[in-house]
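To start, the structure itself, in structure tokens.
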Amino acid sequence: MNSFAKRFAQLREKRSWTQDELAEKLGVSRVSISKYETEGPKGATPKYDTLVKAADLFNVTTDYLLGRSDSPFREESSIEGLSDEEQTMYKKFMSETEELFRAKGVTEEKLRQVMGFMRYTFLSDLEEEKKGRNSK
């Protein structure tokens, strides 16, 4: 698993935000962002409120940020009952959808809404498909 510092920096860079831009979004100093992105004893982990805000901003779980999970996706419990193949399809679909909408420059709020809808749609369609297969 990656360290908090690496993941935090990767998520910021994925969005093409500077440390100053992210600091403003989180309500912290640029120096704090720099410390969050520094590994080892000179690095820092944000306080709870800032950690939760960062997870929401990056649209990932706090467990992913902290390195406790390798999956950034929220609501993992909604895919626990899926086969390995279905989980792989779901994760790929969600990742590609997020990349597509980020490339279009949608706001973080709009992205959260879209991703929630896409999650619901994917899982609903999969359930309908399974019901159709089982009724034949």
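FYI, side chains are in, hydrogens and waters are out, and symmetry mates aren't considered; it's all heavy atoms of this structure. Predicted model, so just to flag it, every value in this text is computed and none were measured.
- Every residue two or more places apart in sequence or in another chain was checked for a side-chain hydrogen bond (donor to acceptor under 3.5 Å, both in side chains) with Ser16, and none qualifies.
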Check: Going through the distances and angles, do Asp20 and Ile33 end up as a side-chain contact (heavy atoms from CB on, under 4.5 Å)?
Finding: CA-CA 8 Å; Asp20 286 321; Ile33 300 298; over 6 Å; no

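- Under the salt bridge (Lys or Arg N to Asp or Glu O under 4.0 Å) criterion, no residue pair touches residues 40-52, with sequence neighbours excluded.
- When side chains are defined from C-beta on, Leu22 counts as touching Leu57, because their heavy atoms get closer than 4.5 Å.
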Note to self: Let's go through Leu66 and Leu51 carefully: what are the C-alpha distance in whole Å and the side-chain angles of both, what is the deciding distance for side-chain contact (heavy atoms from CB on, under 4.5 Å) to 0.1 Å, and is it a yes or a no?
What the structure shows: CA-CA 9 Å; Leu66 294 170; Leu51 179 66; 3.8 Å; yes

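- At a threshold of 4.0 Å, the pair Lys6-Glu37 does not count as salt-bridged, since none of the basic side-chain nitrogens sits closer than that to a carboxylate oxygen.
- Under the ring pair (Phe, Tyr, Trp, His ring centres under 6.0 Å) criterion, Phe8 pairs with Phe4, Tyr36, Phe58, not counting sequence neighbours.
- Evaluation of the salt bridge (Lys or Arg N to Asp or Glu O under 4.0 Å) rule for Glu96 yields Lys92 as partners, not counting sequence neighbours.
- Of all non-hydrogen atoms in Ala55 and Thr62, the two that sit nearest each other are CB-CG2, 3.7 Å.
- Among residues two or more places apart in sequence or in another chain, the side-chain contact (heavy atoms from CB on, under 4.5 Å) test is passed with Met118 by Phe93, Met94, Thr97, Val114.
- More than 12 heavy-atom neighbours from other residues, nucleotides or ligands sit within 6.0 angstrom of CG on Asp125.
- Atom NZ of Lys104 and atom CZ of Arg102 lie 15.0 Å apart (nearest 0.5 Å).
- For the atom pair CZ (Arg7) and NZ (Lys14), the distance works out to 12.0 Å, reported to the nearest 0.5 Å.
- A donor-acceptor contact shorter than 3.5 Å links the side chain of Thr38 to the backbone of Ser34.
- For the pair Glu86 (side chain) and Ser83 (backbone), a donor-acceptor distance under 3.5 Å is present.
- Smallest separation of non-hydrogen atoms from Gln87 and Leu82: NE2-O, 3.1 Å.
- Put simply, the side chain of Ser32 never gets that close to the backbone of Val28: no donor and acceptor are under 3.5 Å apart.
- At distances below 3.5 Å, not a single donor-acceptor pair connects side-chain atoms of Arg68 with backbone N or O atoms of Tyr64.
- With sequence neighbours excluded, no residue satisfies salt bridge (Lys or Arg N to Asp or Glu O under 4.0 Å) with Arg30.
- In Glu39, the CD atom is crowded: over 12 heavy atoms of neighbouring residues, nucleotides or ligands sit closer than 6.0 Å.
- A 4.5 Å side-chain heavy-atom check between Met115 and Phe101 finds every atom pair outside the cut-off.
- The two residues Lys110 and Thr107 make their nearest non-hydrogen contact at N-OG1, 3.1 Å.
- Rounding to the nearest 0.5 Å gives a distance of 6.0 Å between CG of Leu11 and CG of Leu65.
- Contact annotation: the side chain of Tyr90 never approaches that of Leu126 to less than 4.5 Å [non-hydrogen atoms, C-beta and beyond].
- Under a 3.5 Å cut-off, the side chain of Thr50 and the backbone N or O of Pro46 do not form any donor-acceptor pair.
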